[in-house]
Undergrad: 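What follows is a structure written as structure tokens; I'll ask about it next.
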Amino acid sequence: MADLKELRREIDRTDSEIVRLFERRMHLVADVAQYKIENGMQVLDSRRETEKLKTLSEGASTDFNETAVREIFRQMMAISRKRQYQILTEHGQGETLPFGQCDAFDFEGSRVVFQGVEGAYSFAAMRTFFGDAIDSVHVETWREAMQMVADGDVDYGVVPIENSTAGSVSDIYDLLADFPIYIVGEQVIPINHRLLGIPGAKKETIRTVYSHPQALAQCRAYLEAHPQWECVPVLNTAMAAEKVADEQDPAHAAIASETAAEFYGLKVLEEGPISRKKNATRFVILSNRCCFVRNARKISICFELPHQCGTLYNVLSHFIFNELNMTRIESRPIPDKTWEYRFFIDFEGNLNDPGVQNALFGIRSETADLRLLGSC
């Protein structure tokens with residue numbers, strides 16, 4: 001049997017040869033990119049890549065090696081495309097961003113819409129982000145809020161998009177894809193749910209609990225300890241408090257904030273939060289202005305992918321190659337397209353960064369219907 005050290009020396013020599021050949025291949029890739037620039041050709045040629053992978057893998061001696069060769073060259077082709085995208089960007093043929101820039105937004109006197117009523121967490125997020133120098137309006141549904149932003153009836157909208165306990169507000173992602181609006185800011189609000197009832201009510205009298213579905217989910221452990229209570233979802237936590245206050249029934253309770261209790265004259269029936277201690281909701285600020293502040297450090301996008309092996313992997317590799325930190329990914333089914341999905345991604349970076357522009361150029365070239373949802 002051969003000596004292990006000698007085997008490793010042979011592997012090292014082989015690896016060095018692979019590196020030499022890889023660099024020769026990348027030099028040829030640069031020439032290909034130049035040809036495509038001069039002739040107005042697209043970087044991605046799916047038909048050629050498919051044919052080449054088939055030819056190369058068929059030349060392998062075993063089934064295992066056939067799969068391995070296909071994977072190696074799939075990676076190599078993806079790297080080659082990224083180099084071509086870089087070269088095209090250097091020649092001014094990269095991603096053209098539709099966003100305007102400003103040093104800061106002037107919110108004073110703005111008209112802002114939120115879903116729910118006064119005392120809701122959306123109301124608190126709006127006040128925290130904008131302050132008091134605004135004119136606010138409220139609507140019953142998130143769709144109504146987004147429609148008002150898209151139509152220009154308001155300057156900004158405030159909607160929840162993610163909770164640290166219950167996860168994403170999936171309906172918001174679907175709506176973001178439906179409206180030509182953009183994320184221009186965000187606000188995180190600590191969520192301290194309370195069990196609220198009318199004065200004179202006690203936990204022992206409660207039979208029905210109202211709240212938003214997300215709030216009910218965030219308090220699941222507490223509610224499961226009271227199986228005799230019927231949980232009824234409503235559009236908003238503050239609406240739940242308002243309903244209990246209007247009905248004046250000691251058998252009814254709401255899960256909402258202490259602010260809502262004060263606003264609607266309710267009593268806190270359970271001291272301390274009834275959801276997890278570290279519970280917070282991230283709200284996004286929406287506008288129909290295609291603009292971002294120069295020092296923005298987060299970007300949100302969405303796109304569709306063909307239902308083929310490796311397509312999502314190829315897209316995610318653009319973040320790795322350009323050293324961009326992806327902070328969130330969500331998938332949502334596309335209406336009328338069975339088993340096909342739209343992906344939503346947040347990642348760190350600024351739209352002026354060359355790495356960001358190069359990644360977006362590559363992603364746009366390899367996906368369908370890429371949209372920049374905003375930057376904040």
Side-chain angles (χ1 to χ4, degrees), residues 29-30 33-34 36-37 40 42-44 78-108 110 129-130 149-150 155-158 161-162 173 176-177 179-188 282-304 314-330 342-376:
V29 164
Q34 189 62 45
K36 289 181 178 179
I37 290 171
Q42 296 292 320
V43 168
L44 178 61
I79 293 170
S80 297
R81 290 197 303 274
K82 292 177 181 66
R83 179 58 183 144
Q84 291 181 61
Y85 293 135
Q86 284 183 339
I87 294 172
L88 264 68
T89 299
E90 291 166 3
H91 284 75
Q93 296 188 22
E95 182 73 1
T96 301
L97 301 175
F99 282 65
Q101 301 181 51
C102 62
D103 293 323
F105 292 107
D106 182 9
F107 297 126
E108 186 171 353
S110 296
F129 186 87
F130 290 99
V149 174
D155 300 301
Y156 302 98
V158 181
I161 197 167
E162 174 187 6
Y173 285 99
L176 283 173
F179 291 100
I181 53 182
Y182 305 94
I183 298 170
V184 297
E186 65 178 26
Q187 181 66 54
V188 176
R282 180 166 66 99
F283 293 80
V284 289
I285 314 303
L286 305 174
S287 171
N288 67 0
R289 293 175 58 196
C290 194
C291 187
F292 71 99
V293 292
R294 296 183 198 279
N295 64 351
R297 295 308 307 165
K298 180 187 288 186
I299 298 163
S300 300
I301 64 174
C302 73
F303 54 83
E304 299 175 19
N314 288 338
V315 169
L316 298 184
S317 68
H318 288 286
F319 296 105
I320 299 171
F321 197 84
N322 289 285
E323 298 183 347
L324 301 173
N325 183 36
M326 187 176 67
T327 59
R328 188 161 192 82
I329 181 169
E330 295 286 338
R342 180 179 291 114
F343 293 87
F344 296 81
I345 288 179
D346 290 345
F347 64 98
E348 295 175 351
N350 185 279
L351 288 172
N352 290 318
D353 295 343
V356 169
Q357 294 182 7
N358 187 55
L360 291 174
F361 183 24
I363 293 170
R364 184 178 297 281
S365 301
E366 298 176 12
T367 63
D369 195 27
L370 172 68
R371 277 190 56 200
L372 272 70
L373 296 175
S375 181
C376 63

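As a basis for the values below, the full set of heavy atoms in this structure was taken, side chains included, without hydrogen atoms, waters or symmetry mates.
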Undergrad: Can you tell me how far the CD1 atom of Ile301 sits from the CG atom of Leu372, to the nearest 0.5 Å?
TA: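 So the CD1 of Ile301 and the CG of Leu372 are separated by 7.0 Å.
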Undergrad: Check whether any side-chain heavy atom of Val293 sits under 4.5 Å from a side-chain heavy atom of Cys102, and report yes or no.
TA: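 Yes; the side chains approach each other to less than 4.5 Å.
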Undergrad: Which value, rounded to the nearest 0.5 Å, describes the distance between Asn358 atom CG and Ile363 atom CD1?
TA: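 Going from the CG atom of Asn358 to the CD1 atom of Ile363 covers 9.5 Å.
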Undergrad: Of the non-hydrogen atoms in Glu348 and Leu324, which two are nearest, and what is the gap between them?
TA: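 That closest heavy-atom pairing would be O-CD2, 3.9 Å.
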Undergrad: So which heavy atom on Phe105 is nearest to which on Cys291, and how close?
TA: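 Minimum heavy-atom separation between Phe105 and Cys291: CZ-O, 4.0 Å.
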Undergrad: Would you say Asn322's side chain and His318's backbone share a donor-acceptor pair under 3.5 angstrom?
TA: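 Flag set: sc Asn322 to bb His318 pair under 3.5 Å.
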Undergrad: Are the side chain of Glu304 and the backbone N or O of Phe343 linked by a donor-acceptor pair below 3.5 Å?
TA: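 Answer holds: no.
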Undergrad: Kindly indicate, with the supporting measurements, whether the criterion side-chain contact (heavy atoms from CB on, under 4.5 Å) is fulfilled by Ile87 and His91.
TA: CA-CA 6 Å; Ile87 294 172; His91 284 75; 3.8 Å; yes
Undergrad: Show the nearest heavy-atom pair for residues Ser300 and Asp346, with the distance to one decimal.
TA: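 So the two residues come closest at OG-OD1, 2.7 Å.
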Undergrad: Could you go through the side-chain contact (heavy atoms from CB on, under 4.5 Å) check for Gln187 and Val158 one step at a time?
TA: CA-CA 9 Å; Gln187 181 66 54; Val158 181; over 6 Å; no
Undergrad: Are Leu316 and Ile329 close enough that some pair of their side-chain heavy atoms sits under 4.5 Å apart?
TA: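 Contact flag for Leu316/Ile329 side chains = yes.
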Undergrad: Who are the side chain to side chain donor-acceptor pair (under 3.5 Å) partners of Ser365, not counting sequence neighbours?
TA: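 Testing Ser365 for side chain to side chain donor-acceptor pair (under 3.5 Å), a comparison that skips the adjacent residues, returns none.
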Undergrad: In Å and rounded to the nearest 0.5 Å, what is the CZ to NZ distance from Arg328 to Lys298?
TA: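 Here the interatomic distance stands at 9.5 Å.
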Undergrad: Is it true that a side-chain atom of Asp353 and a backbone atom of Gly355 form a donor plus acceptor pair closer than 3.5 Å?
TA: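 Looks like no, no N/O pair under 3.5 Å.
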Undergrad: Applying side-chain contact (heavy atoms from CB on, under 4.5 Å), run through Ile79 and Val29 and close with a yes or a no.
TA: CA-CA 10 Å; Ile79 293 170; Val29 164; over 6 Å; no
Undergrad: Examine distances only and state if a side-chain atom of Arg371 and a backbone atom of Leu176 form a donor-acceptor pair shorter than 3.5 Å.
TA: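 Such a contact is found between Arg371 side chain and Leu176 backbone.
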Undergrad: What are the two closest non-hydrogen atoms of Ser287 and Val184, and how far apart are they?
TA: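 Of all heavy-atom pairs spanning Ser287 and Val184, the closest is CB-CG1, 4.0 Å.
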Undergrad: First locate atom CG of Asn350, then atom CZ of Phe292, and finally report the distance between them rounded to the nearest 0.5 Å.
TA: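 Going from CG on Asn350 over to CZ on Phe292, the span is 5.5 Å.
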Undergrad: What verdict does the side-chain contact (heavy atoms from CB on, under 4.5 Å) test give for Ile161 and Glu186, after you've listed the backbone C-alpha separation in whole Å, the side-chain angles of each residue and the deciding distance to 0.1 Å?
TA: CA-CA 10 Å; Ile161 197 167; Glu186 65 178 26; over 6 Å; no
Undergrad: Would the Phe107 and Tyr156 ring centres measure less than 6.0 Å apart?
TA: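 Between Phe107 and Tyr156, the centre distance is under 6.0 Å.
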Undergrad: Give, for atom CD1 of Ile183 and atom CG of Leu286, the distance between the pair rounded to the nearest 0.5 Å.
TA: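 With rounding to 0.5 Å, CD1 (Ile183) is 6.5 Å from CG (Leu286).
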Undergrad: Minimum heavy-atom separation for Ala78 and Asn314, please, with both atom names.
TA: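 Looking at all heavy atoms of both residues, the shortest contact is CB-OD1, 4.4 Å.
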Undergrad: Classify the side-chain pair Gln86/Arg83 by whether it contains a donor and acceptor separated by less than 3.5 Å.
TA: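 Present: a donor and an acceptor within the cut-off.
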Undergrad: Give the minimum heavy-atom separation between Ser375 and Ile299, together with the two atoms involved.
TA: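 Where Ser375 meets Ile299 most closely, the heavy atoms are OG-CG1, 3.9 Å.
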Undergrad: How long is the span from the CG atom in Asn325 to the CZ atom in Phe347, to the nearest 0.5 Å?
TA: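 So the gap between those two atoms works out to 11.0 Å.
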